[in-house]
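Reading through the structure tokens given below for one structure.
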Amino acid sequence: MQKLEQLYEGKAKKVYATGDPNLVIVDYKDDATAFNGAKKGTIAGKGVINNQMSNRLMAKLEKAGIPTHFVQELSERETVVKKVSIVPLEVIIRNISAGSFAKRYGVEEGIVFDAPTIEFSYKCDELDDPLLNTYHALALKLATPEEIETIKKYAFAVNNFLKDFWSSCGVTLVDFKLEFGRLADGTIVLADEISPDTCRLWDSKTREKLDKDRFRRDLGGVEDAYAEVMRRMTEAL
């Protein structure tokens, strides 16, 4: 499939038009950012891992009945996806206290919740992605009530699937961020990516961090952590 003009460039990906108005090509970069772009760097090989990991997990989710934007992997870094209009809600599912949740509520990291929690944030870099609730989302017309219920249903279903999958890899899924998009006919599908950039992943035995927190917190070994997660996923598949 031919790559045409660049439509968009974000923190971690570039998006290109194709000859089909309903399909685009996503090109994953090695650029890394944290704290809404305040911290910037590079994680060698990250684009390859995030691309391939996202594609394999989304293919599994499709088989589990969760619609996604994934179409076809073109190369190590490039994938054809369905063109969507992103719903400006970042969806965060949390199974264990960590990161901003622990800081916001003054609790230690590592508390296992009785049930997963869900948070929404307004996808807006200029406002630092503020948290909002369903009523705020409706007031701002970010989504309809039906879309929000669909997103919540899919998000919890993704969590159930990923928790079990990562557990089989000796990895604990602490929390993760999802984004959803609308197809041309309005259908809601899972979009963006599923990777160590968007998931907190801890080794189940040692609780060693195997995700982007190693970059955020200057822990070192970032490339090795991403590669280890990829290795475990590949063996499990």
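Everything quoted here is computed from the prediction, not taken from an experiment.
Evaluation of the side-chain contact (heavy atoms from CB on, under 4.5 Å) rule for Asp125 yields Lys11, Asn36, Asp129 as partners, not counting sequence neighbours. Under the rule for a side-chain hydrogen bond (donor to acceptor under 3.5 Å, both in side chains), Lys153 has no partner lying at least two apart in sequence or in another chain. For Asp175, the side-chain hydrogen bond (donor to acceptor under 3.5 Å, both in side chains) partners two or more places apart in sequence, or in a different chain, are Arg94, Arg200. Partners of Gln6 according to the side-chain contact (heavy atoms from CB on, under 4.5 Å) rule, which considers only residues two or more places apart in sequence or in another chain, are Glu9, Lys14, Tyr16. Remark: Lys82 engages no residue in a salt bridge (Lys or Arg N to Asp or Glu O under 4.0 Å) (not counting sequence neighbours). Taking the side-chain contact (heavy atoms from CB on, under 4.5 Å) definition, one finds that Ala34 meets it with Lys39, Phe215, Arg216, sequence neighbours left out. Legend: residues meeting side-chain hydrogen bond (donor to acceptor under 3.5 Å, both in side chains) with Glu228, ordered by chain and number and at least two apart, are Arg231, Arg232.
Under the 4.5 Å side-chain contact rule for hydrophobic residues, Ile93 and Trp202 do not share a cluster. Hydrophobic clustering places Met230 together with Met58 (ILVMFWY residues linked when any side-chain heavy atoms are closer than 4.5 Å, directly or through intermediates). Under a hydrophobic-cluster definition in which Ile, Leu, Val, Met, Phe, Trp and Tyr are linked whenever side-chain heavy atoms come within less than 4.5 Å, directly or via other members, Tyr135 and Leu131 are assigned to different clusters. By the criterion of side-chain heavy atoms lying less than 4.5 angstrom apart, applied directly or through intervening Ile, Leu, Val, Met, Phe, Trp or Tyr residues, Leu89 is grouped together with Val158 in one hydrophobic cluster.
Atom NZ of Lys60 has 12 or fewer heavy atoms from other residues, nucleotides or ligands within 6.0 Å. More than 12 heavy-atom neighbours from other residues, nucleotides or ligands sit within 6.0 angstrom of CG on Asp185. Atom CD of Glu108 has 12 or fewer heavy atoms from other residues, nucleotides or ligands within 6.0 Å.
Looking at Val87 and Glu179, their side chains never come closer than 4.5 Å, going by heavy atoms from C-beta outward. For the pair Leu140/Leu132, a side-chain contact is recorded, criterion being any heavy-atom separation below 4.5 Å from C-beta on. Between Phe176 and Ile194, the closest side-chain pair of non-hydrogen atoms is not below 4.5 Å. With a 4.5 Å cut-off on side-chain heavy atoms, Met53 and Pro196 count as touching. Using a 4.5 Å heavy-atom cutoff, the side chains of Leu74 and Val80 are in contact. Annotation: side chain of Phe120 is not in contact with side chain of Glu90 (no heavy-atom distance under 4.5 Å). No side-chain heavy atom of Leu190 sits under 4.5 Å from any side-chain heavy atom of Pro67. In this structure, Ile188 and Ile151 have side chains that are in contact, with non-hydrogen atoms separated by less than 4.5 Å.
Atom-to-atom distance recorded for Ser195:OG and Gln52:CD is 12.5 Å, nearest 0.5 angstrom. In this structure, CZ on Phe70 lies 11.0 Å from CG on Leu57, to the nearest 0.5 angstrom. With rounding to the nearest 0.5 angstrom, the NE2 atom of His69 is 14.5 Å from the NZ atom of Lys83. A distance of 10.5 Å separates CD1 in Ile49 from CD in Glu76, rounded to the nearest 0.5 Å. A distance of 10.0 Å separates CG in Asp31 from CD1 in Ile43, rounded to the nearest 0.5 Å. Taking CD1 of Ile118 as the reference point, atom CG of Asn133 lies at 12.5 Å (rounded to 0.5 Å).
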Please tabulate, for side-chain N and O atoms in residues 161-172, each donor-acceptor pair with protein atoms closer than 3.5 Å (sequence neighbours left out).
unit_1 : atom_1 : unit_2 : atom_2 : d
Ser168 : OG     : Phe165 : O      : 2.5
Thr172 : OG1    : Ser204 : OG     : 3.2

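The minimum heavy-atom distance between Glu193 and Ser54, with the atom names listed, is CB-OG, 3.2 Å. Considering all non-hydrogen atoms of both residues, Ala225 and Arg214 come closest at CB-CD, 3.5 Å. Nearest approach of Asn22 to Asp20, heavy atoms of both residues: N-OD1, 2.8 Å. The minimum heavy-atom distance linking Pro88 with Tyr122 is given by the pair O-CD1, 3.6 Å.
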Verdict with reasoning, Val71 to Thr79, per side chain to side chain contact (heavy atoms under 4.5 Å, CB included): CA-CA 8 Å; Val71 176; Thr79 293; over 6 Å; no
Yes or no on side chain to side chain contact (heavy atoms under 4.5 Å, CB included) for Leu201 and Leu173, after CA distance, side-chain angles and deciding distance? CA-CA 5 Å; Leu201 303 168; Leu173 178 63; 3.7 Å; yes
Stepwise, does the side-chain hydrogen bond (donor to acceptor under 3.5 Å, both in side chains) test hold for Asp197 with Tyr226? CA-CA 9 Å; Asp197 270 15; Tyr226 277 59; 2.5 Å; yes
From CA spacing to verdict: side-chain hydrogen bond (donor to acceptor under 3.5 Å, both in side chains), Ser97, Glu109: CA-CA 5 Å; Ser97 62; Glu109 289 198 331; over 6 Å; no
Given the rule in the salt bridge (Lys or Arg N to Asp or Glu O under 4.0 Å) test, do Glu119 and Arg104 qualify, once you have shown the distances and angles that lead to the verdict? CA-CA 13 Å; Glu119 297 174 0; Arg104 187 185 314 128; 3.2 Å; yes
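Using a 4.0 Å cut-off between a side-chain N of Lys or Arg and a carboxylate O of Asp or Glu, Asp213 and Arg217 qualify as a salt bridge.
Other members of the hydrophobic cluster containing Ile111, listed by chain and number, are Phe101, Tyr105, Val107, Phe113; membership follows side-chain contacts under 4.5 Å among ILVMFWY residues, whether direct or relayed. Chaining together hydrophobic side chains whose heavy atoms lie under 4.5 Å apart leaves Leu4 on its own. Hydrophobic cluster membership for Tyr28: Leu7, Tyr8, Val15, Val24, Val26, Val81 (Ile, Leu, Val, Met, Phe, Trp, Tyr linked by side-chain heavy atoms under 4.5 Å, directly or transitively). Cluster partners of Ile86, using a side-chain heavy-atom cutoff of under 4.5 Å among ILVMFWY residues and allowing indirect links, are Val84, Leu183, Val189.
Asp27 places no side-chain N or O within 3.5 Å of a backbone atom of Glu78 that could act as its donor or acceptor partner. Asp203 contributes no side-chain N or O that, together with a main-chain N or O of Leu210, makes up a donor-acceptor pair within less than 3.5 Å. Proximity of a side-chain donor or acceptor of Lys152 to a complementary backbone N or O of Glu147 within less than 3.5 Å is not detected. Remark: side-chain polar atoms of Thr42 are not paired, donor with acceptor, to backbone N or O of Ala44 under 3.5 angstrom. Proximity of a side-chain donor or acceptor of Asn51 to a complementary backbone N or O of Gly47 within less than 3.5 Å is not detected.
In the model, Glu62 has a side-chain atom that pairs as donor or acceptor with a side-chain atom of Thr68 under 3.5 Å.
Between Asp30 and the options Arg77, Lys13, Lys46, a salt bridge (charged side-chain N to carboxylate O under 4.0 Å, His left out) holds for only Arg77.
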